[in-house]
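Data first, discussion second: the structure below is written as structure tokens.
No experiment lies behind these values; they were computed from the predicted model shown. Counting starts at 1 for both ligands and their atoms, following the listed order.
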Amino acid sequence: MNQKLRVGIIGCGNISHSHTQAYKNNPNVELVACCDINEQRAKDYAKAYGIPNAFGSVDEMLKMKDLDAVSVCVWNNGHNPETLKALRAKKHVLCEKPLAMNTEQALEMQRVAKENDRLLMVGFVKRFAGTTTVFKDFDNKGTFGDIYLVKAKYLRRNGNPGGWFADKERSGGGPLIDLGVHVIDLSRYLLGKPKAVSVYGATFNKLGMKKEIKGVSHWHPMDYSEKDKCTVEDAVIAMVRFDDGSVLEVEASFTLNIKEGQTSLEVFGDKGGALVEPRLEIFKDENDYMVNIAPVIEDGGNVFGAMFQNEIDHFVDCILNKKECLCPVEDGVELMRILDAIYESAKTGHEVIIKR
Ligand SMILES: NC(=O)c1ccc[n+]([C@@H]2O[C@H](COP(=O)([O-])OP(=O)(O)OC[C@H]3O[C@@H](n4cnc5c(N)ncnc54)[C@H](O)[C@@H]3O)[C@@H](O)[C@H]2O)c1
């Protein structure tokens with residue numbers, strides 16, 4: 001492909017701005033269209049960004065011949081249908097996380113991408129953080145030895161956004177599928193992408209949205225209504241065992257009675273350990289002393305906009321220059337297997353063995 005990549009945005013809500021701004025910064029991209037079920041929103045968005053075509057439906061946008069690739073930035077329940085339509089219309093797809101509502105849908109997306117010979121990349125944006133790249137550099141030099149345990153937390157004290165996030169029909173679940181997905185994927189990526197073999201998990205539905213809380217601001221998605229009901233879990237805790245013997249312990253919450261929200265990811269190997277989130281620190285023994293190393297990384301390596309720029313640049317590079325995709329659809333499928341198993345374990349109260 002000698003010309004610029006012609007890109008369309010599906011879903012003009014909050015996260016789409018991060019995609020659009022990054023595409024705008026990429027000299028090899030021309031943003032040619034956007035669409036949203038809220039047609040006026042799509043029109044306003046097109047005007048704000050100078051995008052020449054705006055549509056009220058995906059089907060209309062996909063009729064465009066001069067469109068090569070799309071970003072799918074819709075509610076989780078739209079990831080499967082809109083991605084399938086785009087792939088069948090021969091467009092490459094960058095689909096936001098989670099890849100789908102469940103493994104079955106994810107496998108269908110994987111199959112259709114293959115049948116149509118299109119790239120389907122999953123938006124695992126944390127893989128593109130500076131901290132992740134630097135951790136990988138150290139790991140490749142053997143700094144951590146055999147990594148056998150990862151502990152990850154993505155906890156909010158009072159952060160249920162409401163709207164579609166709180167509606168299981170549209171989201172597929174609560175903090176596990178929304179927040180847990182980020183840190184479970186990052187943990188698996190840092191471990192070298194082992195396959196999960198079993199899972200033990202519990203979810204809790206005790207607190208709901210806590211709309212009544214005063215003294216702090218509440219963040220809501222587009223289309224939020226005070227009448228929204230919460231049908232998703234408040235919190236989840238789970239243990240995932242992988243086929244290389246390593247184990248991940250993960251916690252995520254929208255609402256939990258803790259002092260303050262926490263995001264942390266700790267990695268433990270037999271030669272060293274590390275804190276990867278919220279900043280990178282390395283813990284080792286040297287000359288019979290315990291030493292702590294804090295690599296110097298531009299802006300700390302964990303800046304949201306920079307991660308998105310790296311993700312979008314990589315997607316474009318994969319299509320235009322046939323670069324190997326860092327977040328292939330297979331990784332999205334594997335993540336859905338883990339999420340499904342955690343929800344199943346929470347329901348049954350038993351360990352779930354992941355069969356393939
Ligand atoms: N990578 C990240 O860090 C990150 C952060 C936030 C959200 N997300 C993901 O991005 C997606 C969107 O989240 P958001 O916060 O932008 O939500 P949002 O509610 O702000 O925006 C979603 C938009 O999609 C539109 N929409 C819904 N279904 C549609 C369909 N089938 N066709 C066309 N338009 C449709 C809605 O009208 C809305 O404008 C979700 O899957 C979410 O998990 C990722």
Which part of Phe308 is near ligand 1, with near meaning a heavy atom under 4.0 Å away: side chain, backbone, both or neither?
side chain

Mind checking whether Ser16 has an N or O less than 3.5 Å away from an N or O of ligand 1?
no

Output the list of atoms in ligand 1 that are nearer than 4.0 Å to some heavy atom of Glu82, sorted by atom number.
30 (C), 31 (N), 32 (N)

Begin with the C-alpha distance, continue with both residues' side-chain angles, and end with the deciding distance and a verdict on side-chain contact (heavy atoms from CB on, under 4.5 Å) for Lys97 and Asp185.
CA-CA 10 Å; Lys97 49 55 57 173; Asp185 176 68; over 6 Å; no

Same apolar cluster: Tyr45 and Val7, side chain cutoff 4.5 Å:
yes

Could you tell me whether Ile15 and ligand 1 have an N or O pair separated by under 3.5 Å?
yes

Just checking, is any N or O donor in the side chain of Asn25 or Gln21 under 3.5 Å from an acceptor N or O on the other one?
no

Say whether Ile37, considering both its backbone and side-chain N or O atoms, lies within less than 3.5 Å of an N or O atom on ligand 1.
yes

Proximal atoms of ligand 1 relative to Val58 (non-hydrogen, under 4.0 Å):
32 (N)

Looking just at side-chain N and O atoms, do His19 and Glu96 make a donor-acceptor pair shorter than 3.5 Å?
yes

Counting only nitrogen or oxygen atoms and a 3.5 angstrom limit, does Lys97 reach ligand 1?
yes

When you measure from the side chain of Asp340 to the backbone of Thr103, do you find a donor-acceptor pair of N or O atoms at a distance under 3.5 Å?
yes

Write out the residue and atom name of the closest protein heavy atom to atom 35 (C) of ligand 1, then the distance separating them to 0.1 Å.
Val74 CG1, 3.4 Å

Closest non-hydrogen protein atom to atom 44 (C) of ligand 1, residue and atom name please, with distance?
Glu96 OE1, 3.1 Å

Residue-level breakdown please: for His182 versus ligand 1, do any non-hydrogen atoms fall below 4.0 Å on the side chain, on the backbone, on both, or on neither?
side chain

What residue and atom, counting heavy atoms only, is the protein's closest point to atom 21 (O) of ligand 1, and at what distance?
Gly13 CA, 3.2 Å

Look at the side chain of Arg118 and the backbone N and O of Lys90, then say whether any donor-acceptor pair between them is shorter than 3.5 Å.
yes

Ligand-side contact atoms (ligand 1) for residue partner Phe304, heavy atom cut-off under 4.0 Å
3 (O)

Report, one line per pair, each donor and acceptor closer than 3.5 Å where one atom sits in a side chain of residues 206-215; sequence neighbours left out.
| unit_1 | atom_1 | unit_2 | atom_2 | d |
| --- | --- | --- | --- | --- |
| Lys210 | NZ | Asn257 | OD1 | 3.1 |
| Lys211 | NZ | Glu226 | O | 2.4 |
| Lys211 | NZ | Asp228 | O | 2.9 |

Does a sphere of radius 6.0 Å around NZ in Lys136 hold more than 12 heavy atoms from other residues, nucleotides or ligands, not counting ones at 6.0 Å or beyond?
yes

So among Leu107, Val199, Asn102, which one has a side chain to side chain contact (heavy atoms under 4.5 Å, CB included) with Arg337?
Leu107

Identify the protein heavy atom lying closest to atom 37 (O) of ligand 1, giving its residue, its atom name and the separation to 0.1 Å.
Asp36 OD1, 2.6 Å

Any heavy atom of Phe165 closer to ligand 1 than 4.0 angstrom?
yes

Within less than 4.0 angstrom of ligand 1, does His79 place any heavy atom?
yes

Nearest option to atom 27 (C) of ligand 1, as decided by whichever heavy atom of Trp75, Trp164, Phe124 sits closest:
Trp75

Examine His17 together with Tyr49 and report whether their ring centres are nearer than 6.0 Å.
yes

Protein contact of atom 22 (C) of ligand 1 - nearest heavy atom, named by residue and atom, plus distance:
Cys73 O, 3.7 Å

Do Glu277 and Tyr154 have a side chain donor and acceptor closer than 3.5 Å?
no

Close-contact set for ligand 1 against Gly11 heavy atoms, below 4.0 Å
24 (O), 34 (N)

